[in-house]
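Because the structure is a prediction, the values reported are computed rather than measured. The figures that follow rest on heavy atoms only: side chains count, while hydrogens, waters and symmetry mates do not.
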Amino acid sequence: MWYIRKIDPLDLIQGHACIAFTGGGGKTSFIELLARRTAARNKKTASVTTTKMYARKPFLLFNELTASMNVSNPIQIGNTLEDGKITALTQDSIKEIGNGFDVVLIEADGANKKPLKYPARHEPVIPDFCGMVCVLAGLDGLLGDVRTKIFRFELLNNEANISVDAVVSPDLFSQLFTGRGLLKGTENKIFFIVLNK
């Protein structure tokens, strides 16, 4: 059963030091918004990734970070920089960053700029110690072609035998929110869903 309400997402993450973001529909932009807003509340805030994330200045690479360093707030931190993206940090590195920041926002999934996603076996990459997950889905995927609106549609097709000519109906949209679909990785964690765009 769905319980839908309009709320300030900043209120949902209050008191949580580590939040992972999965799904599709604008994760990076949403993380950037929350990072700016948490920093405005005097919370030292870092954005990191366990996959890849578009690098936005200011950012640092993990090997450049020192405990005594005075860094921008908010700041992105990645392992390396490749093709304009910061790359994945290990769980240990994220834990270490968490020791020096009040809030760590983790992009834990990729969707190739598509509003919806059906995860592969290795996805999402949520650190074990992260107790809260935000699952994003883009409403702009509704009534669109499944091949262009759902990242990894072929995996969904293999399991559910959905026609490649189908559209993302409201029923199919709802069916994506399962433990094998967009809610994968939320077991035993506090989670909320953001319908974006």
Problem - Sequence-distant partners of T45, side-chain hydrogen bond (donor to acceptor under 3.5 Å, both in side chains), two or more places apart - result: T38
Fill in the blank from the handout: Sorted by chain and number, sequence neighbours left out, salt bridge (charged side-chain N to carboxylate O under 4.0 Å, His left out) with R41 holds for none
Exercise for the section: Mind checking side-chain hydrogen bond (donor to acceptor under 3.5 Å, both in side chains) for T90 and listing every partner two or more places apart, or none if nothing turns up? Expected result: S93
Problem - Residues forming a side-chain hydrogen bond (donor to acceptor under 3.5 Å, both in side chains) with R36, sequence neighbours excluded - result: none
Completion exercise
Across all chains, not counting sequence neighbours, the side chain to side chain contact (heavy atoms under 4.5 Å, CB included) partners of E187 are none
Practice task
Could you list the residues that satisfy side-chain hydrogen bond (donor to acceptor under 3.5 Å, both in side chains) with E159, not counting sequence neighbours?
Solution key: Y118, R180
Fill in the blank from the handout: Sorted by chain and number, sequence neighbours left out, side chain to side chain contact (heavy atoms under 4.5 Å, CB included) with D83 holds for none
Handout entry: Partner residues of E123 under the salt bridge (charged side-chain N to carboxylate O under 4.0 Å, His left out) criterion, sequence neighbours left out
Key = K117, R152
Practice task
Taking side chain to side chain contact (heavy atoms under 4.5 Å, CB included) as the test, write out the residues that go with D102, two or more places apart.
Solution key: K43, K44
Problem - Residues forming a side chain to side chain contact (heavy atoms under 4.5 Å, CB included) with A88, sequence neighbours excluded - result: none
Exercise for the section: Name all residues meeting the salt bridge (charged side-chain N to carboxylate O under 4.0 Å, His left out) criterion together with D8; count only those two or more places apart in sequence or in a different chain, and write none if there are none. Expected result: R37
Exercise for the section: Could you name each residue pair satisfying side chain to side chain donor-acceptor pair (under 3.5 Å) that touches residues 10-28, not counting sequence neighbours? Expected result: T28-E107
